Visitor: 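Below is a structure I'd like to ask you about.
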Amino acid sequence: MRHSHKTWLIADGIPDVAQARRLGHRIPDAIQDIYSHVAPEVETRLLEALQQRWIDAVTALRATTHAQALNAHLQLTAA
């Protein structure tokens with residue numbers, strides 16, 4: 001799941017420093033680690049992107065489940 005999480009953050013254009021903080025990683029460059037901070041708007045964008053992925057996944061799951069139930073019903077009524 002961590003690999004997927006990292007992949008989604010990259011795909012959503014989340015800055016490296018925000019990715020590192022989110023995943024609990026240290027930034028290898030000490031200067032960058034000291035002077036890099038995650039702005040509140042970046043944190044908001046990160047959370048909104050993950051929330052949208054969750055909503056999309058649940059919506060797709062519900063649509064698939066609904067379609068499967070409908071198919072099962074149609075097969076039963078056709079028999």
Side-chain angles (χ1 to χ4, degrees):
M1 191 60 156
R2 286 178 62 80
H3 180 78
S4 294
H5 196 121
K6 173 73 170 170
T7 301
W8 295 332
L9 295 175
I10 292 168
D12 292 333
I14 303 301
D16 289 341
V17 66
Q19 293 177 35
R21 301 260 190 262
R22 175 78 180 176
L23 296 169
H25 297 165
R26 287 192 44 84
I27 298 172
D29 180 353
I31 299 297
Q32 185 178 358
D33 188 41
I34 292 168
Y35 294 105
S36 294
H37 302 286
V38 179
E41 60 269 17
V42 173
E43 183 70 21
T44 298
R45 187 169 52 121
L46 181 155
L47 294 174
E48 287 173 349
L50 290 174
Q51 179 69 26
Q52 189 59 53
R53 286 184 179 278
W54 174 260
I55 291 167
D56 293 347
V58 169
T59 301
L61 180 61
R62 285 182 180 157
T64 300
T65 303
H66 180 71
Q68 289 171 342
L70 183 58
N71 272 344
H73 177 71
L74 291 174
Q75 288 175 356
L76 286 175
T77 57

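Just so it is clear, the structure is predicted and the values come from calculations on it, not from any experiment. Side-chain atoms are counted along with the backbone in the values below, which use heavy atoms only and exclude waters and symmetry mates.
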Visitor: Report the C-alpha distance between R22 and L47 in whole Å, list the side-chain angles of each, state the deciding distance to 0.1 Å, and finish with yes or no for side chain to side chain contact (heavy atoms under 4.5 Å, CB included).
Guide: CA-CA 10 Å; R22 175 78 180 176; L47 294 174; 3.6 Å; yes
Visitor: Between D12 and R53, is a side chain to side chain contact (heavy atoms under 4.5 Å, CB included) present by the stated rule, with each step listed?
Guide: CA-CA 10 Å; D12 292 333; R53 286 184 179 278; 3.0 Å; yes
Visitor: For residues 57-68, run the donor-acceptor check on the side chains, cut-off 3.5 Å, and write out each pair with its distance to 0.1 Å, sequence neighbours left out.
Guide:
residue : atom : partner : partner atom : Å
T59     : OG1  : I55     : O            : 2.8
T64     : OG1  : A60     : O            : 2.9
T65     : OG1  : L61     : O            : 2.8

Visitor: Between NZ of K6 and CD1 of I14, what distance do you get to the nearest 0.5 Å?
Guide: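 Rounded to the nearest 0.5 Å, the NZ-CD1 separation comes to 11.0 Å.
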Visitor: Can L46 be reached from I10 by stepping across I, L, V, M, F, W or Y side chains whose heavy atoms are under 4.5 Å apart?
Guide: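 No, no single cluster joins them.
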Visitor: Consider only side-chain N and O atoms of Q75 and N71, and report whether a donor and an acceptor are under 3.5 Å apart.
Guide: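 Side-chain D/A pair, Q75 to N71: absent.
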Visitor: Give the minimum heavy-atom separation between R21 and V38, together with the two atoms involved.
Guide: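 Between these two residues, the closest heavy atoms are CG-CG2, 3.9 Å.
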